[in-house]
Amino acid sequence: MKRMLSGIKPTGQLTLGNYIGAIKQFISYQEEYEMFIFIADLHALTLPIDAKELRKNTRDLISVYLACGLDPDKVVLFKQSDVHEHAELGYIMACNSYMGELSRMTQYKDKTSKISDHGSIPTGIFIYPALMAADILLYDANYIPVGIDQKQHVELTRDLAIRFNNHYSETFIVPEPITPKTGAKVASLSNPEKKMSKSESEKGTIYLLEDLNITRKKIMSSVTDCDNEIKYDTEHKPGISNLLTILSSLTGKSIESLVENYQNVGYGTFKKDVADAVCKELGELQAKVLEIQSSNKIEEILEEGAKKASYYARKKLSKVYRKVGLN
Ligand code: AQP
């Protein structure tokens, strides 16, 4: 069975972008692959975050994973910081990466462009892709399901794996990114040129656990063009194309068939249908999250997941230590 690995940073409230671009994909793959899904809490430290908030986000994330249907009997579900080999291999990967390639990462440029001229850029955000490479390479993962925004980091992981294998002899599997056909980039509702993100504008972002009346309002007031034609055209109609992507991902209907169904239908009716679909899906999800959070399962599942993940991580790290001369 081929192996697959992915994770999400508990940096803020989870968004519909995380759900469509990542979590929904994980669920569909769990029968087919040997899966490792983790909470990337070390990555959450790369930009300042309050400790209390990080704990809450971590608990919400594991609850959402479980509520969406990730089955801990089929998937190794764990917290990155529970497996210390991530940080150790992350250091070795940082030593094997170049300043030039790390500074070319789009996400690094985006995040640091938001730090004011006089603000200091944390080193963690710069070496983030080296830690991400370690997350992947520790487990010999063949495939990495990601949204478009993270594809470049998986490409860098491939480069680092090949470089290490060439220098020290075959050690790592070279992974491949997998992006969903629909939903690889869910855009902001208020600025459809940009990705929907945990750290972006609240108005443009649908949070999975927010009040659904607010969700509905955000969708009904989402930015669109004014020619009133429902058509998929990301260049000229990014707002409508984004709503089509969302509706298609949630209903399983193709974008072509949706466009056909919405011929001669006004934007108001279309937006209402998108809002209904999103609120229905999130309503069910929120009910399950509440149920999980009131049970005592979370700690037990994470403990069990960390034990399983550590078994693989320990083996791989000791192989790396041998190759580089650390034992
Ligand atoms: N808008 C999106 N559309 C499709 N996929 C997305 N993902 C995130 N946003 C979208 C996918 O979710 C996974 C986990 O992402 P992450 O939280 O680890 O990192 P991120 O991509 O940086 O997510 P955010 O929401 O933008 O977080 P912040 O604001 O903290 O940086 C990845 O597979 C990602 O592709």
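Counting starts at 1 for both ligands and their atoms, in listed order. Nothing here was measured: the structure is a model prediction, and the numbers come from that model.
Selection from P177, A184, P180, G17 by nearest heavy atom to atom 6 (C) of ligand 1 gives G17. Heavy-atom proximity to atom 17 (O) of ligand 1, evaluated over K198, K195, K24, is greatest for K198. With T205, V146, D149 as candidates, the residue nearest to atom 35 (O) of ligand 1 on a non-hydrogen basis is D149.
In this structure, the side chains of K237 and D227 come closer than 4.5 Å at one or more pairs of heavy atoms. Contact annotation: the side chain of L250 never approaches that of V274 to less than 4.5 Å [non-hydrogen atoms, C-beta and beyond].
When only interatomic distances are considered, the shortest N/O to N/O separation between A22 and ligand 1 does not fall below 3.5 Å. Annotation: S6 places no N or O atom under 3.5 Å from an N or O atom of ligand 1; distance criterion only. Checked by distance only, ligand 1 and P145 stay at 3.5 Å or farther apart across all their nitrogen or oxygen atoms. Not one N or O of Y128 is nearer than 3.5 Å to an N or O of ligand 1, by distance alone.
A salt bridge is defined here as a Lys NZ or Arg NE, NH1 or NH2 lying under 4.0 Å from an Asp or Glu carboxylate O, and K272 with D276 meets this definition. Taking 4.0 Å as the cut-off between side-chain N and carboxylate O, E284 and K280 count as a salt-bridged pair.
Residue-ligand proximity, G21 to ligand 1, at heavy-atom distances under 4.0 Å covers atoms 4 (C), 5 (N). For ligand 1, the atoms closer than 4.0 angstrom to any heavy atom of G147 are 5 (N), 33 (O), 34 (C), 35 (O).
Looking from atom 15 (O) of ligand 1 to the surrounding protein, the closest heavy atom is N18 ND2, 3.6 Å. Given atom 32 (C) of ligand 1, the protein heavy atom at minimum distance is Q150 CG, 3.8 Å. Here the protein heavy atom with the shortest distance to atom 30 (O) of ligand 1 is T11 OG1, 2.8 Å.
Looking at S248, its side chain never comes within 3.5 Å of a backbone N or O of T245 through a donor-acceptor pair.
With no hydrogens or angles considered, a side-chain donor-acceptor pair links D135 and Q80 at under 3.5 Å.
The minimum heavy-atom distance between L247 and D273, with the atom names listed, is CD1-O, 4.1 Å.
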Side chain to side chain contact (heavy atoms under 4.5 Å, CB included) assessment of Y128 paired with H43: CA-CA 7 Å; Y128 170 112; H43 287 287; 3.3 Å; yes

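Within the 4.0 Å heavy-atom criterion, both parts of K9, backbone and side chain, lie near ligand 1.
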